[in-house]
Amino acid sequence: MSAALGRSQASSHRGLQGEGTPMNPCTTAAEAFRAPDLPLTFARRLIDWQRQSGRSGLPWQGTRDPYRVWLSEVMLQQTQVSTVLSYYPRFLARFPDVFALAEAQADDVMALWSGLGYYSRARNLHRCAQVVVAQHGGLFPDSAQGLEALPGIGASTAAAIAAFCHGERISIVDGNVRRVLTRLMAMDADLALASAQHELWQRAQALLPETPSTEDMTAYTQGLMDLGATVCLRSRPLCGRCPVQDLCVAHAQGVPQNYPVKTRLLKRRHESWWLLWLRGPATDASDRVWLERRPARGIWAGLYCLPVFDSEASLLEALPPHLRSGVRALEPVSHSLTHRELRLHPLLLETSEAMAFAADLGGQWVDEAALAQYGLPAPVRLLLSRDLP
DNA sequence: CATACGTGGGC
DNA sequence: TGCCCAAGTAT
């Protein structure tokens with residue numbers, strides 16, 4: 001940000017400065033936000049706006065039960081609200097409290113997480129529940145610091161739980177907050193840098209209401225996210241509906257979409273995988289499919305999957321020669337992950353022969369009717385349902 | 001500090 | 001289509 005811009009912004013905020021605090025001509029917009037009454041103004045407006053216009057009625061709102069708040073926060077990591085809506089009640093119905101989750105089988109947890117992505121979240125969730133039960137008597141720590149020591153709970157999730165459940169005076173800094181605050185203060189630092197992240201968090205802390213009640217911290221925290229999610233939109237912000245529009249430096253500059261400054265570029269490499277779909281009659285009326293467990297590390301770690309090969313040739317080599325001609329190629333499925341663009345080529349082999357060789361693949365037969373109880377990657381579940389009769 | 005880790009949706 | 005992004009964390 002240029003000094004000239006900073007001065008012009010600072011002067012536009014004079015109306016919000018205290019009566020006897022003349023603006024230093026060298027004051028930057030960033031410094032203006034450190035003025036004592038600006039945080040007060042911001043917090044008051046945000047809290048009032050949240051109560052009037054923020055989101056309410058989401059399944060995880062209206063509770064201070066750390067278990068429920070924690071579950072929602074973990075599900076919502078890098079995941080949109082609309083996606084979580086169908087998972088959260090189902091998970092909660094199956095595991096209503098931390099004790100139920102701690103006692104669960106890991107495979108059952110994965111099955112309920114299937115399709116939600118970032119499966120290490122589910123493993124950490126399960127481990128975390130076991131730690132909370134074994135080491136904390138089933139009670140979550142009540143401070144952000146204590147929460148952050150648990151598996152799968154980082155700074156953002158810890159702050160959210162502590163603020164929502166206990167009114168701790170601590171700011172979340174997630175994607176919404178990054179967007180809202182970088183615009184509000186016209187921060188153009190590269191947020192990929194730890195130093196910039198740290199500064200953003202410091203400024204977020206400085207904006208917090210001074211001595212908030214738990215209710216105020218809840219509304220403030222929720223308001224920050226709601227503002228980012230419903231008003232301070234990425235590509236087309238609705239500044240006319242913003243409760244802090246007149247405080248926003250980016251709005252004054254005219255192009256709020258310029259923030260946050262994006263720097264990282266994501267490289268996605270293309271890969272083709274060949275999936276062996278072995279299908280045979282089960283003992284009862286339905287058919288069964290051969291699934292194996294994915295390795296503990298890497299993509300879809302710990303989930304069940306059709307056997308994966310890196311070429312058609314290597315897949316065929318795994319089969320007894322007399323069965324190779326029975327393989328039928330199905331329509332490929334494209335699936336993109338964060339760092340990879342996958343092209344999945346399913347090869348179906350339907351046979352009633354005893355397939356002792358399959359044991360060499362290190363998997364198990366699964367009744368097609370029981371697939372819902374297995375943790376499958378989304379495209380594999382899609383594929384299996386798409387091509388089942 | 002960089003990278004890996006899923007999936008669905010917006011534009 | 002392709003790229004970016006979403007209530008991030010672990011390594």
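Here is how names work: the chains are called A, B, and so on, in the same order as the sequence lines, proteins then strands, and each is numbered from 1.
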**Student:** So, is A:Q78 near the phosphate of C:dG8, with a side-chain N or O under 4.0 Å from OP1 or OP2?
**Tutor:**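 So the side chain of A:Q78 is within the cut-off, an N or O lying under 4.0 Å from OP1 or OP2 of C:dG8.
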
**Student:** Identify whether any heavy atom of A:S156 sits under 4.0 Å from a base atom; if not, whether one sits that close to sugar-phosphate; answer base, sugar-phosphate or nothing.
**Tutor:**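 Touches sugar-phosphate only.
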
**Student:** Can you tell me how far C1' of C:dG8 sits from CH2 of A:W70, to the nearest Å?
**Tutor:**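 My rounded result for the distance is 15 Å.
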
**Student:** Determine, using ring centers only, whether A:Y88 and A:W60 are less than 6.0 Å apart.
**Tutor:**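 Between A:W60 and A:Y88, the centre distance is under 6.0 Å.
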
**Student:** Give one of base, sugar-phosphate or nothing for A:L193, where a contact means two heavy atoms less than 4.0 Å apart.
**Tutor:**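 Nothing, no heavy atom under 4.0 Å.
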
**Student:** When all nucleic acid strands are considered with a 4.0 Å heavy-atom cut-off, which category describes A:G228: base, sugar-phosphate, or nothing?
**Tutor:**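 No contact.
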
**Student:** What nucleic acid atoms does A:R55 come within less than 4.0 Å of, heavy atoms only: base, sugar-phosphate, or nothing?
**Tutor:**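 Base contact.
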
**Student:** What is the nucleic acid contact for A:V81, judged by heavy atoms within less than 4.0 Å: base, sugar-phosphate only, or nothing?
**Tutor:**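 Here A:V81 touches the bases of the nucleic acid.
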
**Student:** What is the nucleic acid contact for A:A160, judged by heavy atoms within less than 4.0 Å: base, sugar-phosphate only, or nothing?
**Tutor:**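 It contacts nothing in the nucleic acid.
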
**Student:** Of the nucleotides B:dT7, C:dG8, B:dG9, which one has an atom closest to the side chain of A:R234?
**Tutor:**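 Closest nucleotide to the A:R234 side chain: B:dG9.
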
**Student:** Compute whether any side-chain donor of one residue and acceptor of the other, for A:Y259 and A:R183, lie under 3.5 angstrom apart.
**Tutor:**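 Per modelled atom types, A:Y259 and A:R183 side chains form no pair under 3.5 Å.
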
**Student:** Among C:dA6, B:dG6, C:dC5, which nucleotide has an atom closest to any side-chain atom of A:R179?
**Tutor:**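 Nucleotide nearest to A:R179's side chain: C:dA6.
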
**Student:** Heavy atoms only, 4.0 Å cut-off, all strands: where does A:I172 land among base, sugar-phosphate and nothing?
**Tutor:**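 It contacts nothing in the nucleic acid.
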
**Student:** Could you tell me if A:D367 and A:S286 have a donor-acceptor pair between their side chains, going purely by distance under 3.5 Å?
**Tutor:**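 A donor-acceptor contact under 3.5 Å links the two side chains.
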
**Student:** Is A:W60 touching bases, backbone alone, or none of the nucleic acid, heavy atoms closer than 4.0 Å?
**Tutor:**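 Since a base atom lies under 4.0 Å of A:W60, the category is base.
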
**Student:** Taking the nucleotide of DNA chain C with the closest heavy atom to each, which residue, A:A229 or A:N124, is nearer the 5' end?
**Tutor:**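 First, find each residue's nearest nucleotide; the 5'-ward one identifies A:A229.
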
**Student:** With the threshold set at 4.0 Å, does a side-chain nitrogen-carboxylate oxygen contact exist between A:R343 and A:E341?
**Tutor:**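 Salt bridge: no.
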
**Student:** Write down the distance separating the C1' atoms in C:dA6 and B:dC1, rounded off to the nearest Å.
**Tutor:**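 Nearest-Å result for C:dA6 against B:dC1 at atom C1': 23 Å.
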
**Student:** Checking all strands, does A:S72 fall into the base, sugar-phosphate, or nothing category for heavy-atom contacts under 4.0 angstrom?
**Tutor:**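 Result for A:S72 = nothing.
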
